[in-house]
Amino acid sequence: MTYVYFPGCSLTSTGRGYHESLQEVCRALEVPIQELEDWNCCGATSYMAVDESKAFALSARNLALAERLGNGSTQMMVPCAACYLGLNKAQHYLQEFPAIRGKVDKALAAAGLAYSGRVQIRHPLDIFIKDIGRDKIAARVAKPLAGLKVACYYGCQLVRPYAEFDDQHNPTTMETIMTVLGAEVIDWPLKTRCCGGSLTGTIEDVGLRLSYIILTEAQKRGADLVATACPLCQFNLECYQGKMNGRFGLNGKVPVAYFTQLMGLAFGLSNKSLGLNRLFVPLPERRAVAAGGGAHVRG
Amino acid sequence: MSEPTQRSDSFEPRIVAFFCNWCTYTAADLAGTARMTYAPNARVVRVMCSGRLDPQFILAALRNGADGVLIGGCHPGDCHYQEGNYKALRRFILLKRMLASFGIEEERVRLEWIAASEGEKVQRVINEMTDTIRRLGPLRLEPLPAEAAEGHGQKVAVHGGAV
Amino acid sequence: MSAVNASPNGTPKVGVYVCHCGINIAGVIDVTKVVEFAKTLPNVTVAQEYKFMCSDPGQELIQKDLKDGKIDRVVVASCSPLMHEPTFRRAMAACGGNPFLFQMANIREHVSWVNKEKGSATEKAKALVAAAVRRVVFHKPLQKTQVPVNSDVLIVGGGISGIHAALTMADAGRKVYLVEREPTIGGHMAKFDKTFPTLDCSACILTPKMSQVRAHPNITLWTYSEVAEIEGYVGNFKARVRRKPKYVDEGLCVGCLECIEACIFKKGKFKDEFNVGLSLRKPIYVPFPQATPLVAVIDPETCAFFRTGKCKQTCAEVCERKAIDFNQKEEIKEINVGAIILATGFKTFDASRIARYGYGKYPTVYTSLEVERLVNAAGPTGGEVLLPNGQKPKAVGIVHCVGSRDEKTNRYCSRVCCMYSLKLAHLIHERTGAEVYNFYIDMRTPGKGYEEFYDRLMKENVHFIRGRVAEVSDWAMTPEEEGKLVIRAEDTLVGAVRRIPVDMVVLSVGLEPQPDADEVRRRFNISCSTEGWFLERHPKLAPVSTFTDGIFLAGACQGPKDIPDCVAQAGAAAAEALAMIDRGHVELEPNTAFVTEEFCSGCKTCVPLCPYSAISFDTSKNKAVVNGALCKGCGTCVAACPSGALQQNLFTDEEIFNEIEGVVKYV
């Protein structure tokens, strides 16, 4: 079965590393994906705040396009946490509120489209663990991430409130994958806390503080890096470390990578193909190992 | 889905609901006690057990003017009389086959397991069924030759003669 | 079969009485229109309306018309027959009428309470009245059958509710079988140290009652036992009770506990169930020192002899009474009883279901039941509140409503948690001097002396923070928080998020139905509410009866309850069971099946259908025969009879066909 791939806007801009590594990892795991043709913005946060029904219509257009492809059993792969939430929210609201459904149906009809609610919206974490399975992932590991301590960070949008593949307050899917890759995971209570989201761009002090809290706690618990599943989290956590340092005294730098980049590393794929060259804070020595292969990294 | 779609010009289906005393009738009472409003189209006939339902009752309801029939019994394993609901299910499956051969849409006759605590399910099922049958339109049956004769004695002759 | 033939005294005369039920019915249904409609129906000689038909004057209307000969059968259009059918039947019988020439049209629960629109509601009410009128014309005068009642009682569950019900019944001279699945009676109450709001010692008030049960000549106590099967009906139940082997002869054991001392395990090694896992026991044990009966139990899962076959059997050696019996087998006891009281209790909510409270992750997060054991003088720490590191906590947070009032777990309020949280707050504060913080949504303290207790706690300097706890974690933001658990909650009175560092967290877990409640209710043929509590016959007026006659409910198996409420309900259940037994007989609804021999072709279709083996076959006559005493009136055989020879009283084919016709054809 081919998954209909919905990258979303972020993955074509700030989140290119996620886009690139996800495609590489899917290829390595033989997960067939096909990008949704003519997709549009999912209608996430900003649009949702301005005009809810237009945001739903935007989401519904993507869903309608996807539904046409799959004979009523389309599985849509949505890596961006905001898109995942936005599309799921549209799905639920269309089902529960006939008034919204009526408006959206009209809008879709104007574009010659219709949506009956049968697309399954899935996050790659969900697909990797439920459909592909840890055994297949383990079999593909060529260069285990031995010695690397990872803080798995899900952010606030991914598992709450719609995800059914994991616990809403203590998700563990990413930890399972990281362990299969040979990495060590830290136990920490902040994995579903907000990174600051778009606040970092509007009320900078508040946003930065939230990001700082996450990074400093990860450091305190001995993490070498933070693994994320959301382009906005990755951006906030990684790009503002200089400012966090100045304002709150963040100690040094903390690498923040997409979980797919780490999967690719363990599979022995090249840094460039995984978009690792785009990182502002490079991964610990491990990077050289993955690229060069062979040698032992840490004591 | 708490209120069925209201259309003033539309036809109002008549539904006969056969509810067992212990589970579904009690659930319908509970829906009342909890003031859950639902479509006024279903009219309840109480039997002690869904196992009492002779398929002729369903045919008689349809013959006498019902547009649909709802059967409510206890969930599997919950029957007050151990397994009357299984008997009802068996007869229901056979009856559906027969109705299909008469050209009666299968959505017109529905069997639901509704426990005494499921007042909300009574509400939902009746609303759904009212909607479905409103969409199907009235049930139109050919008049019976025997209907004018007013035959009495054999229940078959009196009540529709379909069996 | 014309209506005329079906009436005992010539043409049937039907009286129709439409009830207003105050505004419950009349507020939605145009009652007058229904009455006018009824007057047009065939055989109706009287049709009228009245404000409250179930009141005495309402009933007298019917009685007068019956006595005056204006009517010989009755239709009341009012509430559910499950509510008032017995009332009106009694009224008819009281003035010499036959109570079964009666039919109710349920225009309240099924019409006025579920409809807002007057027109369609009135139409529906008319249809139901038409159906009842058409049907009642075919009713025949019937007699209730009386069957004698066995005066023995089965009580299932030996917590405070079962104990109280057993003692009440036994004191009244009834023979009681009390069945408990744990090795001892006492239930949850035996685990508590103090009871709210009086703070009297739980054991001091409970254990005398436990001994009384043990000693009472009218009580047969079977612990470590479960009811496997129930047959029969009100007044005449047959129960099969499975007695699990304790491998210790109850008749010989004197409770000296030498065997436990002598066990080859020098120390406890296995989780002690009674102390909810906070201490370890040996394979041979008694749950607690006042266990009743005080008889040792061998757990075959952990006993070396059972697991390996190799053991010196030091326990058996040391027992002077030779009470240890490794060959003991499970026993099945068959008993006959007239009534059954279910007092199977509750379980506490599994706190690990709410991951963000850290139960199972942080060793200093406890459930309230665990803390009950910690503060208990007979508990694992001798009544001292100690952390796993042996130290007393300096700050303790008590989180209310864990698994209650929460859409994700249970929506209901568990009723007892506020009060027991206050009690635990008091005990912890008293024994450790710790700062105690209660995090609550609302304080719910209705009950005698309860609000006063809350007041007392506030004066004892226990802290109260109004806000549902968001999370418990080891995420420290300041040096003071290092090494502590931090409770985060929005203080809704201050309007700020607070972080309270503590050494110990107590999760006030809610009450849930027993994990096997669904299995048990099937075994006893009763219903459960959506949440899984056993369903009472009426929430207000029949709170201890069930829809199955002869089976009563006591205590928390029916819903969360504190001790006073459990005892009150147990007393009520005992009283209702006694009332039924002392009547000496029960009357059975005459809705049984019967055979019209001339129509029976002897096909035997009906015989295997009956779940009660009430149908036999008379080979000499080649006819089916229904045993009326065994028939329970489901009508399954009637529906299957191809010739119409089998009929069911009150639900004959012609009655049902006419009801169907009435319900759709005329309105």
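Letters A, B, ... are given to chains in the order of the sequence lines, protein chains preceding strands, and every chain is numbered from 1. These figures come from a predicted structure and were not determined experimentally.
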Engineer: Does any heavy atom of chain C fall under 4.5 Å from the side chain of B:Ala42, the backbone, both, or neither of them?
Structural biologist: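 Contact with chain C is through the backbone of B:Ala42 alone.
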
Engineer: Heavy-atom distance under 4.5 Å to chain C: side chain of B:Asn41, backbone, both or neither?
Structural biologist: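 Neither part, no heavy atoms under 4.5 Å.
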
Engineer: Which bit of B:Arg91 is near chain C, if near means a heavy-atom gap under 4.5 Å: side chain, backbone, both or neither?
Structural biologist: side chain

Engineer: Report the distance from atom CG of B:Asp78 to atom CD1 of B:Ile114, rounding to the nearest 0.5 Å.
Structural biologist: 13.0 Å

Engineer: How close do C:His84 and C:Cys79 get, counting heavy atoms only, and between which atoms?
Structural biologist: CD2-SG, 3.6 Å

Engineer: About how many Å separate CD of C:Gln647 and CZ of C:Phe594, when rounded to the nearest 0.5 Å?
Structural biologist: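 Rounded to the nearest 0.5 Å, the CZ-CD separation comes to 6.0 Å.
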
Engineer: Taking side chain as everything from C-beta outward and backbone as N, CA, C, O, which of these in C:Arg521 sits under 4.5 Å from a heavy atom of chain B? Side chain, backbone, both or neither.
Structural biologist: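 Side chain only.
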
Engineer: Which one of B:Cys49, B:Ser50, B:Ser117, B:Gly119 has the most heavy-atom pairs closer than 4.5 Å to chain C?
Structural biologist: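 The residue among B:Cys49, B:Ser50, B:Ser117, B:Gly119 with the greatest pair count is B:Ser117.
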
Engineer: Among B:Glu107, B:Arg108, B:Arg110, which one satisfies side-chain contact (heavy atoms from CB on, under 4.5 Å) with B:Ile133?
Structural biologist: B:Arg108

Engineer: Are the side chain of C:Ser527 and the backbone N or O of C:Phe534 linked by a donor-acceptor pair below 3.5 Å?
Structural biologist: no

Engineer: Taking the side chain as every heavy atom from C-beta outward, state whether C:Val667 and C:Val129 have any atom pair closer than 4.5 Å.
Structural biologist: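 C:Val667 does not reach C:Val129 side chain to side chain.
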
Engineer: Under 4.5 Å heavy-atom distance to chain C, tell me which part of B:Arg14 shows up: side chain, backbone, both or neither.
Structural biologist: side chain

Engineer: Using heavy-atom distances under 4.5 Å, tell me whether B:Ala66 contacts chain C through its side chain, its backbone, both, or neither.
Structural biologist: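 For B:Ala66, the contact with chain C is made by backbone and side chain together.
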
Engineer: Evaluate the side-chain proximity of C:Asn410 to C:Glu531: yes if any heavy-atom separation is below 4.5 Å, no if none is.
Structural biologist: no

Engineer: Where does C:Asp518 contact chain B at under 4.5 Å (heavy atoms): side chain, backbone, both or neither?
Structural biologist: neither

Engineer: With a 4.5 angstrom heavy-atom cut-off, could you sort out which part of B:Phe18 is near chain C: side chain, backbone, both or neither?
Structural biologist: side chain

Engineer: Just give me the residue among C:Thr530, C:Asn525, C:Leu650, C:Leu535 that pairs up with chain B most often, heavy atom to heavy atom, under 4.5 Å.
Structural biologist: C:Asn525

Engineer: Could you check which of B:Met48, B:Glu118, B:Glu120, B:His80 has the highest count of heavy-atom pairs closer than 4.5 Å to chain C?
Structural biologist: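 The residue among B:Met48, B:Glu118, B:Glu120, B:His80 with the greatest pair count is B:His80.
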
Engineer: Quick one: of B:Ala61, B:Gly65, B:Ala115, B:Ala28, who has the most non-hydrogen atom pairs under 4.5 Å with chain C?
Structural biologist: B:Ala28

Engineer: Could you check whether the rings of C:Tyr612 and B:Tyr81 sit parallel, tilted or perpendicular, using 30° and 60° as the cut-offs?
Structural biologist: perpendicular

Engineer: Does a sphere of radius 6.0 Å around NZ in B:Lys96 hold more than 12 heavy atoms from other residues, nucleotides or ligands, not counting ones at 6.0 Å or beyond?
Structural biologist: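 Counting neighbours around NZ of B:Lys96, more than 12 heavy atoms of other residues, nucleotides or ligands fall under 6.0 Å, so yes.
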
Engineer: Identify which part of B:Cys79 has an atom lying under 4.5 Å from any heavy atom of chain C, answering side chain, backbone, both or neither.
Structural biologist: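 The answer is the backbone of B:Cys79.
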
